[in-house]
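The structure appears below as structure tokens.
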Amino acid sequence: MTEPLRLGIAGLGTVGMGVIKIIRRQADLLEARTGRPVVISAVSARDASKDRGLSLSNYAWETDPVALAKRDDVDVFVELMGGHEGAAKQATEAALATGKDVVTANKALLAIHGQSLAEQAEAAGQVIRFEAAVAGGIPVIKSLTEGLAGNEITRVMGVMNGTCNFILTQMQATGQGYNALFEECAKLGYLEADPNLDVGGIDAGHKLALLAAIAFGTKPDFENVQLEGIQRITLEDINQAADMGFRIKLLGVAQRSPRGLEQRMSPCLVPASSPIGQLEGGTNMVVIEGDAVEQIVLRGPGAGEGPTASAVLGDICDLARGLRIATFGQPANSLQTIPAAQTGMPAPYYLRMALQDKPGALAKVAAALGDAGVSIDRMRQYSHSEPTAPVLIVTHKCTRATLDVALEALEASAVVAQTPVALRIEEL
């Protein structure tokens, strides 16, 4: 009989328990598909007495995840604790040092320490798999490292935080503002313990850094991901974007250019008729563009017990089959260090501003944009009863650096009542 693949699972929250449920429910199917039994030797969590709705008495228990990682009866260390420092990092390093492969859902750990961990894994002859770290149940890591291995990837983009997409789509569907929907997400349990990880774009930025590393053969560089959250998006922005045929999404985009590696996670306008524009609720979507395949679109649930546990099991099954791929798709010592693009690729921008309702205000706006080299494609002024006049402008293509010069001039001119909102319009 073929030897079983023995797992040690650290972290028994929603995802960890989801993995255990699948292994129990689908034991025969997993063995049939991998050619060997997949079993759990031991588990680890802070509180052994907590009722998790499922008996864990058949498994050895370790309070310390590092001890779990070092056990002789564990072949694969499954890290589902989260966090980029402390126990998760220490246990992962211990697992690699003692000859274990690692499967993780920890995007922050790999976005920040991925290069050093990949080097450690390869030096030890071990493998790190992390499908569950990006876009939940969508097999985007496997698509990049395997299915699209023959392509030169030109751009990766996507909606990779379901909470933000839920808020933005519900703003349009219900007419509620950002604050009301933020509170609803908190009540529904959709937010991280630190909500800024979600609404500030940090969670999705971690995922983008990992995709960029695989797509472009570069070292993970989360530090240079340009981050902007959705906190400043108003119902007015949502409605006015819709009026022009757009929807607002927290969109991650990574691409290489002569300027360097561009990585940004920020609210953008996308055509309402595009696949990303039609994405509703907590669903995720990743778009990959390659020289041979042109464009593919992957869509599915980005979080939750079932989808994330499904991704974890996909990695476990590959290891059971003997499939061994370098962490980021190619040897860690071959990954390049690419300078961050200081100026992004030119694009049209949506501008919303409240102007002082005075003669000549619009002329000063046009002059400030023109002097900076930003030309206006469309302009709308909405009826109002307040002392300030809402004005909406869509520019022709320009760089964000050029636009920032114009916005600084506008604020200095005292014709705007508040800092203008500027959102990139992404062409899909």
Side-chain angles (χ1 to χ4, degrees), residues 135-136 157-192 194-205 207 227-253 264-287 299-304 348-354 378 380-386 388 390-394 417-426 428:
M157 68 183 123
V159 171
M160 290 175 272
N161 184 277
T163 299
C164 288
N165 201 55
F166 175 83
I167 290 173
L168 294 172
T169 55
Q170 286 297 106
M171 286 174 74
Q172 182 166 1
T174 68
Q176 297 180 80
Y178 168 84
N179 290 334
L181 286 163
F182 178 90
E183 292 300 324
E184 181 177 339
C185 285
K187 292 175 183 176
L188 292 170
Y190 289 177
L191 293 169
E192 297 274 2
D194 175 3
N196 194 50
L197 291 174
D198 285 313
V199 297
I202 298 170
D203 167 85
K207 299 170 186 176
L227 295 175
E228 181 183 349
I230 64 170
Q231 299 95 322
R232 292 187 64 203
I233 304 299
T234 67
L235 190 57
E236 184 180 18
D237 292 319
I238 296 288
N239 292 336
Q240 291 174 349
D243 192 33
M244 296 186 297
F246 295 104
R247 298 190 77 178
I248 298 176
K249 300 291 180 183
L250 180 68
L251 189 67
V253 179
R264 48 188 163 77
M265 182 63 63
S266 60
C268 294
L269 273 70
V270 298
S273 59
S274 67
I276 288 179
Q278 295 176 38
L279 191 67
E280 298 289 338
T283 308
N284 281 197
M285 180 176 288
V286 179
V287 178
R299 176 185 181 277
Y349 281 83
Y350 157 99
L351 305 178
R352 173 176 57 81
M353 58 190 75
R378 285 179 277 171
R380 292 187 184 182
Q381 182 172 352
Y382 290 84
S383 59
H384 62 285
S385 57
E386 299 177 357
T388 57
V391 173
L392 209 128
I393 292 172
V394 173
Q418 58 193 41
T419 302
V421 171
L423 302 178
R424 183 183 175 100
I425 300 175
E426 196 65 45
L428 306 178

Open item on the list: Under the rule for side chain to side chain donor-acceptor pair (under 3.5 Å), what residues qualify as partners of Ser273, not counting sequence neighbours?
Closed with: none

Task: Set of residues satisfying side chain to side chain donor-acceptor pair (under 3.5 Å) with respect to Asn165, sequence neighbours excluded - done: Lys249

Can you confirm whether [X] sits close enough to [Y] that some side-chain heavy atom of one is under 4.5 Å from a side-chain heavy atom of the other?
{"X": "Gln231", "Y": "Asn196", "result": "yes"}
{"X": "Met265", "Y": "Met160", "result": "yes"}
{"X": "Leu351", "Y": "Val421", "result": "no"}
{"X": "Val287", "Y": "Ile276", "result": "yes"}
{"X": "Met353", "Y": "Ile393", "result": "yes"}

Open item on the list: How long is the straight-line distance from OG1 of Thr234 back to CZ of Arg352, given to the nearest 0.5 Å?
Closed with: 4.0 Å

Open item on the list: For Asp198, give me all partners under salt bridge (Lys or Arg N to Asp or Glu O under 4.0 Å), at least two apart in sequence or on another chain.
Closed with: none

If every non-hydrogen atom of [X] is compared with every non-hydrogen atom of [Y], which pair is closest and at what distance?
{"X": "Leu250", "Y": "Cys164", "value": "CD2-SG, 3.6 Å"}
{"X": "Ile167", "Y": "Leu181", "value": "O-CD1, 3.5 Å"}
{"X": "Tyr349", "Y": "Ile425", "value": "C-CD1, 4.0 Å"}
{"X": "Pro267", "Y": "Gly229", "value": "CG-O, 3.1 Å"}
{"X": "Ala204", "Y": "Asn161", "value": "CB-CB, 4.1 Å"}
{"X": "Arg299", "Y": "Met285", "value": "CD-CE, 3.7 Å"}

Open item on the list: Go through it in stages, so that I can follow the logic: the residues are Val286 and Asn284, the test is side-chain contact (heavy atoms from CB on, under 4.5 Å), and I'd like the CA-CA distance, side-chain angles, deciding distance and then a yes or no.
Closed with: CA-CA 7 Å; Val286 179; Asn284 281 197; 5.8 Å; no

Open item on the list: Tell me if the centroids of the rings in Phe166 and Tyr190 come within less than 6.0 Å of each other.
Closed with: yes

Task: side-chain contact (heavy atoms from CB on, under 4.5 Å) evaluation trace for Asp237 with Met171 - done: CA-CA 10 Å; Asp237 292 319; Met171 286 174 74; over 6 Å; no

Task: Ion pair check, Glu426 and Arg264, cut-off under 4.0 Å - done: yes

- [ ] Determine yes or no for a side-chain-to-main-chain donor-acceptor pair under 3.5 angstrom, with Thr169 supplying the side chain and Gly281 the backbone.
- [x] yes

Open item on the list: Would the distance check show the side chain of Arg380 and the main-chain N or O of Leu392 forming a donor-acceptor pair, the cut-off being under 3.5 Å?
Closed with: no

Open item on the list: side-chain contact (heavy atoms from CB on, under 4.5 Å), that's the test. Do Tyr178 and Ile233 meet it? Break it down for me.
Closed with: CA-CA 7 Å; Tyr178 168 84; Ile233 304 299; 6.0 Å; no

Open item on the list: Apply side-chain contact (heavy atoms from CB on, under 4.5 Å) to residues Leu428 and Met157 and explain how you reach the verdict.
Closed with: CA-CA 10 Å; Leu428 306 178; Met157 68 183 123; 3.2 Å; yes

